[in-house]
Structure formats: C-alpha cells, structure tokens
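Working notes, structure below.
These numbers were taken from a predicted model, which means no experiment stands behind them. Every chain is numbered from 1 and lettered A, B, ... according to where its sequence line falls, protein lines coming before strand lines.
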Amino acid sequence: MRYVFTDVKPFNLEAMLEGGQAFRWEREGKGYRGVVKGRVISVSYDKDTLMVDISEGNNTKEEDIKFIRDYFDLDRDYEKIEEDIKTQFPELEKVIVMASGNRILHQDPWETLVSFIISANNSINNIKKVIDRLSQNYGRPIEFKGRLYYSFPSPEVLSSLSEEEIRCTRCGFRGKYIINAARMIREGVINLEEIKGLPTEEAIKELTKIPGVGVKVASCILLFSYKKFDSFPVDVWIKRAVEGIYFNGASKPVKEIINFAQNKFGNLAGFIQQYLFYYIRNNKMI
DNA sequence: TTCCAGGTATGCA
DNA sequence: TGCATACCTGGA
C-alpha cells in the first residue's frame with residue numbers, strides 16, 4: 001500500500017534514520033527501507049512530499065496513515081521548534097541549520113530498550129548487525145516486494161532463550177542483559193506501559209532497575225519511544241559537544257551535563273540532543 | 001597486535 | 001559518593 005504526505009517540512013530522512021535513534025533502516029535507492037512494529041516500510045522524500053510504501057497488514061487505511069504520521073512525528077511543528085531553538089539559543093544556530101529536518105521518531109519501547117542495551121560500549125555498525133541477527137533468528141518473517149524481512153522478536157520469545165542460544169546474535173556480554181530484561185517484562189516486574197505515564201526522573205529510576213540499563217540507555221528509551229522531550233541522553237559525543245559549546249572544552253561529569261541541559265533547554269532538551277548528535281557526528285569537531 | 005565503539009556493573013577507598 | 005577497571009565482538 002502506498003501513502004503520500006504533502007507539505008512535510010522540515011524533514012531530513014538521513015538525519016532521522018541514520019542519526020543513531022533507530023537501527024533498522026537501510027538505504028534503498030534515494031530513500032530508505034526498514035522494519036517498524038512488524039511492518040516493512042519503504043520511504044522517500046522529495047520537494048516537501050513524503051512517499052511511503054508499507055507491507056500488508058490488518059489495519060485500515062486510516063490506521064496506517066495514523067501509524068505513519070505517528071512514527072515520523074508528522075503532526076509536530078518542527079519549523080517552530082527549530083525557530084525557537086535558534087532564537088533562545090543562538091549559539092546553536094549552526095547546529096540547527098546543519099541538522100534541520102531531524103525529528104524524534106516514535107518507536108516501540110521494547111525494541112528501543114533492547115536496542116540500547118546492545119548499544120553499550122558498541123559501535124553503531126555492530127549494533128545494527130546484532131539487531132538484524134536477533135530479528136532474523138527470533139522474529140517473525142514478513143514478505144515485502146518478493147523479499148523476506150523479520151519483525152523484532154517479542155519479550156516472550158527472547159525470555160525463553162539461554163545465554164548459549166543468544167550467542168548466535170554475537171551480542172557478547174549483553175546477552176544475559178537482554179534475556180533478563182525479557183523475563184522482567186514477561187513476569188511483570190517491569191511494566192513498560194506504566195513507565196510511560198511516569199515523570200522523566202521516576203521513569204529513569206524504574207528503567208535502571210533492569211541490569212544493563214543505566215541513565216543513558218533509560219534516557220534514550222524515554223526520548224525515542226515515550227516522547228519525553230525533557231530527557232537528555234548524554235553519551236561521549238554529546239558530552240564532548242556540550243563541553244565544547246558551553247564549558248570552553250573543560251571536562252564535566254555526565255551528571256552535571258544532564259542537569260545543565262535540562263535546566264537550560266527544558267522541553268527542547270531532547271530535540272537539541274538529537275540535532276547535536278547528528279551535527280557533531282558529521283562535523284568531527286565543534 | 002592494539003585500540004576503540006551512543007555504557008554499565010563491580011570493587012574499593 | 002567517586003573513581004578505576006573489565007567487558008563480547010568486529011573493524012580500522
């Protein structure tokens with residue numbers, strides 16, 4: 001099924017899909033192809049128009065459209081967000097100009113949780129490969145345009161694996177964390193739906209009860225699947241960027257950087273984090 | 001061969 | 001509380 005969305009701007013597929021928030025997208029011609037919540041999606045963007053091909057599902061057209069609008073955050077006014085950031089924080093103007101059209105995707109909490117457990121002390125390239133192998137081995141096959149793709153495996157499936165079995169995904173020391181997280185979800189020790197309703201600080205407390213989940217991973221889940229925009233995940237890149245722009249390059253503890261960003265940026269913090277990440281990863285230095 | 005990658009857990013002062 | 005260190009694996 002094909003859907004066309006007009007007057008979509010600003011919108012930068014590369015920034016969104018290769019910007020480190022989602023790991024299941026690959027370039028396909030001028031666009032991208034990926035698997036989202038059990039559906040295969042092909043997207044391209046040109047002249048303010050977003051074209052989306054999506055694999056067969058049980059949804060109505062209206063539900064599909066809602067699903068796509070929701071995932072790509074099409075109903076949020078990013079022109080205003082970018083304008084607000086440039087006005088309030090002129091020091092970030094070059095960042096926003098360079099990364100314009102980057103949006104926060106609305107991803108599945110479970111998939112985001114596992115993806116960012118895998119991200120610890122890992123490279124983006126390798127994270128993608130491990131997630132692919134997890135899906136191919138334990139996900140559900142989906143046919144699309146004559147090819148097979150695989151959904152992200154459920155907590156039920158992953159909770160039944162042994163550390164020996166999950167080794168085929170080459171996730172390394174993170175295997176035990178993934179299996180344990182799946183069990184905590186299955187047994188109701190952690191309820192991802194309930195966490196969604198908590199304020200950022202409390203949600204981080206809950207999520208970090210899961211071994212393998214620290215403040216950074218928890219913050220990513222909050223930002224990329226719960227739309228908690230005051231969340232500000234700090235990794236080595238963001239740390240370096242904030243220190244460069246605001247502390248004259250002096251090293252600061254992560255805790256201090258989070259507090260600084262949340263106080264200064266408020267509900268724009270999450271967006272700024274995402275623009276900054278894309279900017280610094282593609283500019284080498286500030 | 002060695003080092004590093006969207007961090008986290010652990011042990012010790 | 002704060003700091004150092006180990007950790008699977010793959011690529012440079």
Side-chain angles (χ1 to χ4, degrees), chain A residues 14-25 95 99 102-105 107 109 111-134 136-137 158 161-182 184 190 203-226 228 231-245 250-259 261 269-286:
Chain A
E14 187 197 333
M16 278 183 275
L17 304 181
E18 296 190 54
Q21 54 175 323
F23 301 100
R24 298 212 66 195
W25 290 94
V95 176
N102 201 354
R103 295 179 179 226
I104 309 285
L105 301 168
Q107 304 186 68
E111 178 172 340
T112 309
L113 166 61
V114 177
S115 298
F116 282 93
I117 284 177
I118 294 168
S119 78
N121 197 26
N122 213 341
S123 65
I124 289 186
N125 196 32
N126 205 38
I127 297 165
K128 291 177 76 167
K129 286 181 180 171
V130 171
I131 293 171
D132 269 345
R133 284 189 285 260
L134 259 182
Q136 282 190 27
N137 283 287
L158 295 188
L161 299 179
S162 65
E163 284 188 37
E164 180 60 35
E165 286 171 311
I166 205 170
R167 205 174 286 173
C168 67
T169 66
R170 318 227 179 181
C171 58
F173 64 87
R174 309 164 193 87
K176 56 181 179 293
Y177 296 145
I178 297 171
I179 295 165
N180 183 253
M184 290 175 84
I190 290 289
I204 288 179
K205 250 183 209 165
E206 271 303 298
L207 285 169
T208 50
K209 287 179 181 168
I210 305 170
V213 177
V215 172
K216 156 66 172 59
V217 170
S219 302
C220 286
I221 298 163
L222 294 187
L223 183 56
F224 301 139
S225 57
Y226 293 147
K228 296 203 181 289
S231 178
F232 193 81
V234 176
D235 60 33
V236 289
W237 295 91
I238 291 298
K239 185 171 184 293
R240 209 173 300 155
V242 172
E243 287 165 350
I245 297 172
S251 178
K252 297 285 172 187
V254 169
K255 220 175 174 180
E256 193 175 327
I257 292 182
I258 297 171
N259 285 334
F271 300 105
I272 290 174
Q273 189 273 358
Q274 205 50 28
Y275 290 116
L276 265 182
F277 186 75
Y278 184 69
Y279 175 83
I280 192 168
R281 293 265 311 187
N282 290 279
N283 272 272
K284 303 202 191 310
M285 284 309 288
I286 294 286

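- Look at A:Arg170 and you'll find a side-chain N or O under 4.0 angstrom from OP1 or OP2 of C:dG10.
- If you take CD1 of A:Ile204 and P of B:dT8, they are 11 Å apart, rounded to a whole angstrom.
- Note: CG (A:Asn122) to P (C:dA6) measures 19 Å, nearest angstrom.
- Using a 4.0 Å heavy-atom distance criterion, A:Val215 is classed as a sugar-phosphate-only contact.
- Contact annotation for A:Gln273: base contact, defined as any heavy-atom pair under 4.0 Å involving a base atom.
- As rounded to the nearest Å, B:dG11 and C:dC8 have P atoms that lie 15 Å from one another.
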Practice task
Show the numbers, then the answer: is there a salt bridge (charged side-chain N to carboxylate O under 4.0 Å, His left out) between A:Arg167 and A:Glu164?
Solution key: CA-CA 5 Å; A:Arg167 205 174 286 173; A:Glu164 180 60 35; 3.4 Å; yes
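- Atom C1' of nucleotide B:dA5 and atom NZ of A:Lys128 are separated by 15 Å, given to the nearest angstrom.
- Proximity of A:Arg24 to A:Ser115: side-chain heavy atoms (C-beta onward) are nowhere separated by under 4.5 Å.
- Between the CD1 atom in A:Ile210 and the CD1 atom in A:Ile221 there is a gap of 6.5 Å [rounded to 0.5 Å].
- Rounding to whole angstrom units, CH2 of residue A:Trp237 and C1' of B:dC4 are separated by 11 Å.
- Taking the side chain as every heavy atom from C-beta outward, A:Lys252 and A:Val242 never approach each other to under 4.5 Å.
- As a whole-Å value, the separation of A:Lys176 NZ from B:dT8 C1' is 10 Å.
- Residue whose closest nucleotide on DNA chain B sits further toward the 5' end, between A:Gly212 and A:Phe277: A:Phe277.
- Between atom CG of residue A:Leu134 and atom CD1 of residue A:Ile166 there is a gap of 5.5 Å, rounded to the nearest 0.5 Å.
- Atom OH in A:Tyr177 sits about 10 Å away from atom C1' in B:dG7, given to the nearest Å.
- For B:dG7, neither phosphate oxygen OP1 nor OP2 lies less than 4.0 angstrom from any side-chain nitrogen or oxygen of A:Lys239.
- One interatomic measurement links the two molecules: CD1 of A:Ile118 to C1' of C:dC7, which rounds to 16 Å at whole-angstrom precision.
- Of the candidates C:dG10, C:dG11, B:dG7, C:dG10 carries the atom nearest the A:Asn126 side chain, counting heavy atoms from C-beta on.
- Expressed to the nearest 0.5 Å, how far CD of A:Glu163 lies from CG of A:Asn180 amounts to 9.5 Å.
- Using a 4.0 Å heavy-atom distance criterion, A:Pro211 is classed as a sugar-phosphate-only contact.
- Set against C:dT9, C:dG11, B:dG7, the side chain of A:Phe173 has B:dG7 as its closest nucleotide.
- Of the residues near DNA chain C, A:Asn125 and A:Ala120, the one whose nearest nucleotide (by heavy atom distance) lies more toward the 5' end is A:Ala120.
- Among the protein residues, A:Val213 comes within range of the sugar-phosphate backbone only, with heavy atoms under 4.0 Å from sugar or phosphate atoms but none that close to a base.
- Considering only the side chain of A:Ser123, B:dA5 comes nearest among B:dG7, B:dA5, C:dG11.
- Residue contacts for A:Ile238: at a heavy-atom cut-off of 4.0 Å it reaches a base atom on one of the strands shown.
- In this structure, the CG atom of A:Asn121 is 12 Å from the C1' atom of C:dG10, given to the nearest Å.
- Using the Watson-Crick or G-U wobble rule with both distances under 3.5 Å, C:dC8 pairs with nothing in any strand shown.
- Straight-line distance between the C1' atoms of B:dA9 and C:dG10: roughly 23 Å, to the nearest whole Å.
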